[in-house]
Trainee: 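Sharing a structure here in structure tokens format.
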Amino acid sequence: MSTSTTPHTPFLSIRNLAKNFGAFRALHDIDLDIHRGEFVCFLGPSGCGKTTLLRAVAGLDQQDSGTIHMGGRDVSHASPSERDFGIVFQSYALFPNLTVADNVGYGLVNRRRSRDEIARRVNELLTLVGLPDQGKKYPVQLSGGQQQRVALARALATSPELLLLDEPLSALDAKVRERLRDEMRSLQQRLGVTTIMVTHDQEEALAMADRIVVMRDGAVEQVGSPEEIYRRPATPFVADFVGHMTFMDAIVTGPGKVRVDELDLVVANAAPFAVGTPVRLAMRPEEVRTRGIGADTPNRFEATIGDLAFLGSFCRAHLEPTGSRATRIAADFSTNAMRDLGIIPGQVRAVAFPPEALHVFAGDGR
Amino acid sequence: MSDLAQPLPMAETSMKVSPVRISERHVAGALILTLCAVLVLIIALPLWALLSKSLEDTQGKFVGFANFVSYATTPSLFYSLLNSLLVACVTTAIVVPLAFLYAYALRRSCIPAKGVFYAAAMIPVFAPSLLSGLALIYLFGNQGILKSMMMGASLYGPVGIIAAEVLYCFPHAMLILVTALALSDGRLREAADAMGTTRRRIFRTITLPGARYGVISATFVVFTLVITDFGIPKVIGGQFSVLATDAYRQVVGQQNFPMGAVVGIILLVPAVLAFFVDRVVQRRQSAMLSARAVPYVPRPERRRDLALLGFVSLSALAIVGPYAIAFWGSFVKYWPYNLSLTLGNYDFSTVEPDGWGPYRNSLLLASLTAVIGTALIFTGAYLIEKVKLFPRLRAFAQFLAMLPMAVPGLVLGLGYVFFYNAGWNPLGFLYGTLAILVINTVAHFYTVGHITALTSLKQLDGEFESVSASLKVPFWSTFRRVTAPICLPAILDIAVYVFVNALTTVSAVIFLYGADTKLASIAIVHMDEAGAMASAAGMASVIMVTAIAVKLLHVGLDQLVFGRLQQWRQR
């Protein structure tokens with residue numbers, strides 16, 4: 001992970017960035033450092049400001065206030081052509097009237113390079129993205145995945161220090177998307193080019209990024225490695241947006257102790273809440289345990305299996321804890337477990353919440 | 001992706017940014033400023049001159065609305081207004097239903113030879129408006145071969161004007177209605193059929209409401225065309241005066257500029273109204289059709305199709321017939337007494353001192369206007385649509401570019417007289433030159449070309465400019481290498497539209513031509529005034545044939561462009 005190779009000064013440094021569209025606060029209070037060679041994802045629902053932030057970094061949309069430093073240089077008010085980046089858009093924006101080779105070489109032509117040099121560089125790039133013999137074709141003759149690679153080659157042609165990707169995979173089929181995801185990641189690691197990708201797909205962000213910037217309503221909600229974001233979400237929003245999460249209303253009953261309806265639970269991440277404070281408890285469905293539960297297993301209780309949804313490699317069940325009608329808890333059971341344990345709807349089983357898998361958030365937070 | 005053993009050298013310094021020599025920002029700013037200045041000069045200032053002139057007396061002193069008062073209290077002038085309204089209302093009431101039925105037949109029935117009927121209805125677009133007047137005179141005038149059908153009534157007056165205007169306006173209304181009827185969701189029809197709805201009810205509840213906005217738009221367009229048309233009342237109006245001929249008489253005949261300006265402003269009212277109605281209608285219409293609508297495909301219905309075929313054939317004959325008669329008449333020795341053919345009428349030097357000169361002038365004007373106008377219009381639209389700098393200036397330019405649509409040619413021509421003929425204007429030297437005719441014609445037909453250009457630019461990916469900026473390619477390179485080549489078909493459309501209109505227009509240029517720059521369309525007016533009707537018809541026919549030839553060339557070129565030169569469009 002490149003956070004381990006962090007140099008002292010970040011490559012890209014954003015301070016106090018804000019932008020409004022009329023009365024709409026598209027971005028506010030954005031502070032962010034990105035290090036050389038990092039792959040960073042801006043993740044969030046549509047309208048959260050992730051694309052606006054990317055375009056501000058590129059200089060395509062000027063911020064209202066705040067600064068951006070790139071490679072130690074203040075580029076806050078520089079035009080796009082005065083910054084050093086390559087960009088791939090969701091639509092790819094390939095020039096339809098130019099061949100693939102001309103598209104890739106588009107940025108090289110007016111740099112006083114000889115025809116041969118350009119041709120060599122274009123070949124090199126097309127080979128790099130796995131399209132060595134497609135140079136003579138027009139974009140319309142390529143598949144979506146191939147077009148995406150051409151756009152990537154074009155963005156890399158001028159050897160930019162920063163690569164910006166604006167939802168580069170979302171126009172593709174699920175299968176192609178998954179393959180290109182891995183290819184882009186390994187290419188980025190080989191080239192070591194600092195990369196920012198905007199996406200609304202949390203799976204994509206988890207699979208590709210060194211660090212994820214989760215955004216919401218124009219502000220940064222949490223920054224962290226994929227594992228941090230998934231395992232230790234800082235807010236209920238992050239917990240809900242990344243992966244699946246069951247929320248329960250609870251009351252703090254003591255240090256490391258909470259109560260949901262009639263259930264007394266122990267939590268490992270002792271949160272700084274006073275006794276009697278209402279809190280929100282959150283738990284991932286795959287953390288609900290149903291195997292190997294003994295009498296001394298913490299947070300053990302009986303629950304009725306509600307409806308079951310078959311989702312391929314696992315089943316999602318809705319559990320109703322005995323004696324508590326209000327709370328329904330989602331639990332994922334692998335197909336293995338389903339078969340071994342003979343889980344069927346209506347059954348009453350012992351289940352348990354591992355204390356370290358329970359997240360406690362302030363009661364009013366959402 | 002392939003496995004390169006070595007990563008590419010990323011910081012290859014010679015590949016790095018060469019310092020940007022001229023700032024793109026400055027170039028863009030200069031270009032947008034220039035565009036605004038040009039549009040102000042060719043559109044805004046002449047209109048301002050017209051407005052201020054209407055508030056002055058003949059000595060140039062400010063008199064408020066005195067001219068308007070004296071206009072309203074002068075019976076002869078006021079009657080022209082009533083005459084104009086009468087003619088415009090009757091023509092509209094005739095043209096719109098006919099054009100609707102014609103368009104309905106082309107879009108919603110299974111009649112054969114739709115292309116031929118479409119082309120036949122378009123004929124009037126390619127001729128000066130007054131050719132339809134001449135044609136009717138050949139048929140029903142004092143020496144007309146069908147004069148008996150008039151049963152003693154005179155063609156010269158409202159009857160002739162209305163008949164000729166119907167011919168002239170028909171294609172304009174039909175074009176709008178064909179478009180409106182093309183926008184229809186076939187699933188609505190299917191749903192109605194599935195519920196067993198009668199055909200009459202389908203027409204009343206689905207077809208008509210769907211085309212409602214088209215009908216409104218066509219109504220206003222026809223009304224405006226008629227009320228501002230100059231050629232037809234001039235040729236066939238006799239003693240029946242209308243607003244447009246009044247304006248001409250006041251300015252050219254009596255040199256009463258303020259009163260001419262007043263008439264111009266009155267002419268401006270319906271046109272401006274039509275413009276705003278059209279804007280509203282366009283917005284509604286585009287909202288009506290969802291992206292998932294399925295186009296309606298008509299199914300044959302014998303009785304309906306036969307009835308419509310009959311109607312369309314008769315209409316097409318009624319449109320093409322008069323033009324054919326006028327064309328024939330231009331070759332006839334002495335209509336209607338000696339019908340033997342001659343080329344004598346095409347020896348224009350007997351009636352026009354400059355002979356074929358006006359035709360050459362018209363060709364030169366049309367070519368120059370097409371080249372200069374298309375370049376200005378397309379570049380202007382590009383700056384407005386694609387350069388994201390200076391939003392206020394671009395909005396201002398957009399406003400000016402849309403303005404000519406609301407200004408009838410006659411009014412624009414008057415504005416040019418007042419502005420470029422003013423003693424204080426350093427640009428006064430342009431007056432009477434070919435240059436001012438080109439400038440005026442570009443301004444006159446600016447908006448339609450502008451909209452065509454905008455439409456085609458909006459279809460391009462919005463990120464081309466962003467990609468270019470990231471690759472440090474200046475926007476003008478992308479304009480040259482990508483934008484303009486992709487928009488080539490639209491550019492051709494604009495050029496041909498401007499060319500054809502420059503060839504046929506009379507209304508604006510009649511105030512502006514000089515001794516050496518008389519145009520064919522103006523020569524026709526003069527020949528007709530001098531009683532040389534056959535030569536007038538001849539000159540008009542030459543223009544019509546030229547315009548049609550250019551249009552056919554365009555169709556051919558379009559196929560070439562799409563087929564051979566733009567291979568990248570095909571998979």
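The structure presented is a predicted model; accordingly, all values stated were derived computationally and were not measured. All chains are named by letter (A, B, ...) in the order of the sequence lines, taking the proteins before the strands, and each is independently numbered beginning at 1. Just so it is clear, the values below take in all heavy atoms, side chains as well, and ignore hydrogens, waters and symmetry mates.
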Trainee: Determine the sole option in A:L12, A:D84, A:I68 for which the side chain to side chain contact (heavy atoms under 4.5 Å, CB included) test with A:V75 is passed.
Mentor: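 Going through the options one by one, the only one that passes is A:I68.
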
Trainee: Which bit of B:T483 comes within less than 4.5 Å of chain A, counting heavy atoms only: side chain, backbone, both or neither?
Mentor: neither

Trainee: Among B:G462, B:S468, B:A469, which residue has the highest count of heavy-atom pairs closer than 4.5 Å to chain A?
Mentor: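 Ranked by heavy-atom pairs under 4.5 Å with chain A, first place is B:A469.
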
Trainee: A:D201 and A:T199: side-chain donor and acceptor closer than 3.5 Å?
Mentor: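 No, no side-chain donor-acceptor pair sits under 3.5 Å.
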
Trainee: Test the A:R154-A:F95 pair against the cation-pi criterion, namely NZ or CZ under 6.0 angstrom from the six-membered ring centroid and within 45° of the ring axis.
Mentor: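 Yes; both conditions hold, so A:R154 lies above the ring face of A:F95.
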
Trainee: For chain B, find which of A:P96, A:P80, A:S186 contributes the most heavy-atom pairs closer than 4.5 angstrom.
Mentor: A:P96

Trainee: Between B:D493 and B:H554, do the side chains contain a donor N or O and an acceptor N or O under 3.5 Å apart?
Mentor: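 Note: B:H554 and B:D493 side chains meet the donor-acceptor criterion.
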
Trainee: Side chain, backbone, both or neither: which part of A:S91 has an atom under 4.5 Å from a heavy atom of chain B?
Mentor: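 Interface part for A:S91: both.
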
Trainee: Heavy-atom pairs under 4.5 Å with chain A: which of B:I486, B:V473, B:V482 has the most?
Mentor: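 Most heavy-atom pairs under 4.5 Å with chain A: B:V482.
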
Trainee: Is the number of heavy atoms from other residues, nucleotides or ligands within 6.0 Å of CZ (A:F21) greater than 12?
Mentor: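 Count over threshold, so yes.
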
Trainee: Count the heavy atoms of every other residue, nucleotide or ligand shown that sit under 6.0 Å from CZ of A:R25, and state whether that count exceeds 12.
Mentor: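 Not buried by this count: 12 neighbours or fewer within 6.0 Å.
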
Trainee: Distance-only, no hydrogens or angles: does the B:K386 side chain make a donor-acceptor pair with backbone N or O of B:L457 under 3.5 Å?
Mentor: yes

Trainee: Would you mind checking which part of A:V109 comes under 4.5 Å of any heavy atom in chain B, side chain (CB onward), backbone (N, CA, C, O), both or neither?
Mentor: side chain

Trainee: Between A:L94 and chain B, with a heavy-atom cut-off of 4.5 Å, which part of the residue counts as in contact: side chain, backbone, both or neither?
Mentor: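 Contact with chain B is through the backbone of A:L94 alone.
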
Trainee: Please look at A:Y106 and chain B and tell me whether the side chain, the backbone, both or neither of the residue comes under 4.5 angstrom of a heavy atom of that chain.
Mentor: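 Backbone plus side chain of A:Y106, per the 4.5 Å heavy-atom cut-off to chain B.
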
Trainee: Out of A:L60, A:I87, A:L131, A:D166, which one racks up the most heavy-atom pairs below 4.5 Å with chain B?
Mentor: A:L60

Trainee: So which of A:P132, A:G107, A:A93 has the largest heavy-atom pair count under 4.5 angstrom toward chain B?
Mentor: A:A93

Trainee: A side-chain contact here means heavy atoms from C-beta on lying under 4.5 Å apart; do B:R480 and B:W476 qualify?
Mentor: no

Trainee: Side chain from CB out, backbone as N, CA, C, O: work out which of these in A:R55 comes under 4.5 Å of a heavy atom of chain B, or both, or neither.
Mentor: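 Contact with chain B involves the side chain of A:R55 alone.
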
